[in-house]
Amino acid sequence: MLSIKNLHASVEGKEILKGINLEIKAGEVHAIMGPNGSGKSTLSQVLAGNEAFEVTDGEVVMNGENLLELETEERAREGIFLAFQYPVEIPGVSNMQFLRTAVNAMRKHHGEEEMNAAEFMKLAKDVSRQVDLDPAFLKRGVNEGFSGGEKKRNEIMQALLLQPKLAILDETDSGLDIDALKVVADGVNALRSQDRAILMVTHYQRLLNHIVPDYVHVLAGGRIIKSGGRELALELEEKGYGWLGIKDEATADNAAN
Amino acid sequence: MATTDQEVNELIKREYEHGFVTNIESDTFEPGLNEDVIARLSGIKKEPEWMLEWRLKAYRRWLEMDEPDWAHVGYPKIDYNSISYYSAPKRKEDMPQSLDEVDPELLKTYEKLGIPLHEREKLAGVAVDAVFDSVSVATTFKEPLAKAGVIFCSISEAIRDYPELVQKYLGSVVPHGDNFFAGLNSAVFSDGTFVYVPKGVRCPMELSTYFRINAANTGQFERTLIIADEGSYVSYLEGCTAPMRDENQLHAAVVELVALDDAQIKYSTVQNWYPGDEEGKGGIYNFVTKRGACIGKNSKISWTQVETGSAVTWKYPSCVLRGDNSVGEFYSVALTHNYQQADTGTKMIHLGKNTRSTIISKGISAGKSSNAYRGLVKFGPGAEGARNFTQCDSLLIGDRCGAHTFPYIESKNKSAIVEHEATTSKVSDEQMFLCRQRGIDPEQAVSMIVNGFCKEVFKELPMEFAVEAGKLLEVSLEGSVG
């Protein structure tokens with residue numbers, strides 16, 4: 001489904017990704033772990049098409065299509081979804097309106113009829129219950145005054161609504177208490193399917209107790225330095241990143257070189 | 001993917017959709033302004049002697065006045081002798097007696113603008129007065145309104161048929177000498193709308209005037225007078241468009257509202273005059289004086305405006321809160337794009353006890369435009385317990401536009417309370433990325449973000465027009481991304 005080859009990317013002239021290689025197949029769940037500053041979030045942003053990052057080398061192919069040539073919204077319509085680490089607020093625009101516009105943009109792209117307000121309301125209510133959000137929140141402004149946990153649940157809810165081919169979850173566990181983490185994990189597990197891939201970016205392994213990945217990759221200094229199965233995450237938890245020769249974010253670059 | 005790009009391109013290229021010209025034979029005055037021109041104008045309209053006197057008095061006063069130069073706008077000096085002061089579609093001696101007699105070409109024009117003048121059509125709940133260049137061409141739903149006792153007609157008819165009301169109130173809110181443009185309008189106004197709602201009557205439908213400038217080199221000077229008698233209520237809406245022309249055209253209107261005891265007037269504007277092209281060529285100069293007087297106790301006047309058109313806008317719909325406990329409101333969305341300039345805001349003059357006013361202003365600047373809010377809140381010595389709340393928000397799209405806020409507060413009463421909040425924000429890259437990541441077109445994203453920003457104002461518009469206003473913003477913002 002997704003093939004990343006020798007991906008280099010920089011922000012404001014500073015190279016962050018220094019040659020990422022990764023193959024993801026439909027149905028698989030991959031976890032990317034690594035210390036702060038290793039480039040985890042950059043990888044998510046680059047895949048989703050954030051124009052603040054410049055791709056300097058390499059290729060990303062999704063289902064035969066050169067992803068890097070597509071605009072952000074075109075990638076989204078092709079099935080790339082990014083659950084944001086810090087979702088931004090859009091004052092005055094109701095969640096309902098925002099989500100319906102998004103769903104209809106996707107439907108239009110796929111030649112399907114747009115959903116009217118009533119149809120969408122029903123769908124959105126069902127999905128919001130799935131992530132334990134009071135449907136009343138649909139009337140509130142996008143992320144406006146949401147708690148950290150609500151924002152994360154809202155992101156997962158959007159993934160459930162939009163049914164992407166590749167869901168990228170950027171630090172979806174950060175800032176969640178254990179109950180909220182469980183709810184979010186249930187949402188993500190509901191997303192798992194034969195024709196969908198999930199790429200989870202996380203600093204800690206605790207999320208992986210709830211969402212069990214097929215593969216775990218360790219990212220440091222802009223490169224994947226180790227890949228393995230689920231056991232790799234457990235090993236990391238036990239031994240820390242130091243075990244792989246990575247001391248902390250300041251020296252991560254040197255350690256990887 | 002190709003289809004998407006194509007659509008975006010089409011959207012960006014889409015032009016001002018009301019820019020067509022109607023080919024209709026007109027009687028148009030030679031350009032120029034003097035007392036003879038005014039006498040001729042008054043003669044054509046078969047006005048009584050007192051009206052001509054009123055005009056001439058205004059004209060003489062105007063000659064002594066200077067064009068205001070304090071607004072945050074710039075435009076070349078206007079030669080008032082190069083403008084024609086009257087242009088009307090040619091027609092038989094008499095006014096058309098019914099809609100069936102209105103020139104079909106004119107009916108077509110309004111239909112094209114989405115304002116059908118057939119009473120059974122989609123605006124079935126709204127009575128419309130259609131003003132084309134200098135004259136009112138049709139007024140719908142006169143009969144059902146008359147049954148309720150509501151007078152809704154062109155001001156020319158009102159001058160002939162209801163002289164007592166006109167003489168009593170015309171110029172009572174905006175006198176001749178109020179300002180340069182109001183003075184000019186008083187001398188040469190050619191038509192406009194008159195509304196009188198009698199005591200205790202709640203006007204049974206929305207009233208609306210649709211202004212259209214068609215002729216070239218012509219100014220439009222309409223005059224609107226709305227009187228809400230004791231305990232009455234009326235909601236009124238005006239819309240405006242003009243053809244695309246390379247020359248600038250002048251629109252200098254005066255609107256006067258009078259609310260007696262316990263009366264309420266809700267006045268909404270969707271202003272979409274031709275804004276000029278991408279290079280800033282052409283467009284309407286919109287120099288308008290709008291003022292409402294709450295002369296009765298417990299009366300209320302509420303202005304809601306959505307301003308997206310005009311090359312230059314100079315407009316401050318105001319409320320004079322004379323009656324005790326009277327209420328003034330101003331809700332405004334002003335959007336400027338390309339080279340448009342707007343200096344707009346309001347004046348709330350608190351004279352009576354416990355008078356209250358609310359100002360919510362949303363300015364949106366895109367392209368290389370300049371958008372200024374200018375507002376005065378004034379408390380007279382008798383404004384015991386009066387209060388005002390002002391909120392001015394500016395939203396910038398891109399980095400070549402400007403937003404300015406000029407609030408003035410004058411208080412001669414120590415018990416008065418003023419609250420003022422102001423914010424400036426940008427459509428952020430993060431917001432755009434979030435929308436686009438969810439598959440939403442950049443243009444649609446901007447329009448959605450801007451609509452959200454304007455929500456507090458849109459909810460004040462009559463339902464039918466709130467939707468229109470949202471769409472209008474979308475069209476006006478085209479090409480503002482990228």
Side-chain angles (χ1 to χ4, degrees), chain A residues 44-45 47-53 65-66 69-95 97-111 140-144 151 154-155 158-159 161-164 167-168 170, chain B residues 1-9 11-12 331 333 360 362 364 391 393-395 397 421 423-460 466-467 469-471 473-474 477 481-482:
Chain A
S44 324
Q45 300 278 325
L47 291 177
N50 187 339
E51 287 161 2
F53 298 88
E65 203 155 3
N66 182 352
E69 277 181 1
L70 300 184
E71 296 288 345
T72 307
E73 60 275 16
E74 293 169 336
R75 296 184 196 191
R77 291 173 201 154
E78 287 299 319
I80 291 210
F81 178 92
L82 171 63
F84 287 86
Q85 185 178 4
Y86 304 110
V88 65
E89 297 184 2
I90 309 181
V93 177
S94 76
N95 237 336
Q97 187 196 355
F98 173 73
L99 297 177
R100 185 156 79 96
T101 307
V103 165
N104 280 337
M106 302 288 187
R107 292 179 72 95
K108 197 174 159 204
H109 176 68
H110 293 109
R140 286 160 55 185
V142 175
N143 294 317
E144 219 181 342
K151 284 185 180 177
N154 189 25
E155 294 295 293
Q158 292 178 37
L161 266 178
L162 295 169
Q163 296 284 315
I168 305 165
D170 191 2
Chain B
M1 293 305 105
T3 54
T4 316
D5 281 345
Q6 206 178 343
E7 276 164 26
V8 171
N9 284 336
L11 276 173
I12 292 168
Y331 301 99
V333 167
I360 309 275
K362 305 276 181 176
I364 302 141
Q391 185 187 330
D393 298 324
S394 306
L395 183 70
I397 301 170
E421 290 176 9
T423 65
T424 302
S425 53
K426 273 194 78 164
V427 174
S428 73
D429 292 346
E430 289 78 20
Q431 289 172 331
M432 287 301 289
F433 182 53
L434 170 61
C435 292
R436 294 177 65 191
Q437 211 301 304
R438 297 301 183 252
I440 301 169
D441 271 330
E443 298 255 340
Q444 204 180 357
V446 169
S447 148
M448 190 167 68
I449 294 167
V450 170
N451 263 292
F453 175 75
C454 300
K455 200 176 192 178
E456 284 163 283
V457 174
F458 284 175
K459 71 173 201 282
E460 297 297 326
V467 178
K471 279 190 203 152
L473 280 194
E474 201 170 315
L477 279 168
V481 185

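Just so we're on the same page: letters track the sequence lines, and every chain starts at 1.
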> Tell me, side chain or backbone of A:Phe98 under 4.5 Å from chain B's heavy atoms, or both, or neither?
Replying inline: both
> Where on A:Leu82 is there a heavy atom nearer than 4.5 Å to chain B: the side chain, the backbone, both, or neither?
Replying inline: both
> Quick one: does A:Asp170's side chain get under 4.5 Å of A:Gln45's, heavy atoms only?
Replying inline: yes
>> Between A:Val142, A:Asn143, A:Asn50, A:Ile90, who has the most heavy-atom pairs with chain B when the cutoff is under 4.5 Å?
In response: A:Asn50
> With a 4.5 angstrom heavy-atom cut-off, which part of B:Gln444 approaches chain A: side chain, backbone, both or neither?
Replying inline: side chain
>> Can a donor-acceptor pair be found, under 3.5 Å and without considering hydrogens, that links the side chain of A:Thr101 to the backbone of A:Gln97?
In response: yes
>> Which atoms of A:Leu99 are under 4.5 Å from chain B, going by heavy atoms: the side chain, the backbone, both sets, or neither?
In response: neither
> How many angstroms lie between CD in A:Glu155 and CG in B:Leu434, if you round to the nearest 0.5 Å?
Replying inline: 6.5 Å
> Distance-only, no hydrogens or angles: does the A:Arg75 side chain make a donor-acceptor pair with backbone N or O of A:Leu47 under 3.5 Å?
Replying inline: yes
>> Which heavy atom of B:Gly439 sits nearest to which heavy atom of A:Ala76, and what is that distance?
In response: N-CB, 3.4 Å
> Between the main-chain N or O of A:Gly49 and the side-chain N or O of A:Thr72, is there a donor-acceptor pair closer than 3.5 Å?
Replying inline: yes
>> Is B:Cys454 close to chain A through its backbone or its side chain, or both, or neither, when contacts mean heavy atoms under 4.5 Å?
In response: neither
>> Looking only at heavy atoms and a cut-off of under 4.5 Å, which of B:Glu430, B:Lys455, B:Gln431, B:Arg436 has the most pairs with chain A?
In response: B:Arg436
